[in-house]
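Here is the structure we will look at.
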Amino acid sequence: MVRAIPETGFVRLVQVLAVIPVGKTCWWEGVKSGRFPKPVKLSARCVAWRAEDIHALIQRFRMNSFPR
């Protein structure tokens, strides 16, 4: 499953949600609360997440229980 996320670079929300089992609303609430990483603004209407941040999040999930 983690292979869907590249080692480096940026990933869009659709790619993130393919490997993190939450909905869009839950994801954005998690971003706002600090549970999930903040996105990087690529342009006025385009955001993405650092692949490294998503890999770190997945590792954190493996070490702990999934944050709710």
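Positions are given from 1, in the same order as the sequence printed here.
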With [X] via side-chain contact (heavy atoms from CB on, under 4.5 Å) - residues at least two apart:
| X | value |
| --- | --- |
| V40 | F10, L42, R50 |
| K24 | L13, L17 |
| C26 | V22 |

For F36 and F61, take the angle between the two ring planes, folded into 0 to 90°, and tell me which bin it lands in: parallel under 30, tilted 30 to 60, perpendicular over 60.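 Perpendicular, since the angle between the ring planes exceeds 60°.
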
Contact summary for [X] and [Y], nearest pair of heavy atoms:
| X | Y | result |
| --- | --- | --- |
| P6 | A51 | O-CB, 3.2 Å |
| S33 | G30 | OG-O, 3.2 Å |
| P37 | W27 | CD-CH2, 4.1 Å |
| R35 | R60 | O-NH2, 2.6 Å |

Going from CE on M63 to CD1 on I58, what distance comes out if it is rounded to the nearest 0.5 angstrom?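 M63 CE to I58 CD1: 14.5 Å, rounded to 0.5 Å.
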
Nearest 0.5 Å, what's the CG-CD1 distance between L57 and I5?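 Output value for this atom pair is 10.0 Å.
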
Exam field: side chain K38 to backbone V31, donor-acceptor pair closer than 3.5 Å: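 Indeed, once roles are kept as given, a pair shorter than 3.5 Å links the two residues.
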
Quick check: do V19 and Q15 have side-chain heavy atoms less than 4.5 Å from each other?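 Of all side-chain heavy-atom pairs linking Q15 with V19, none is under 4.5 Å.
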
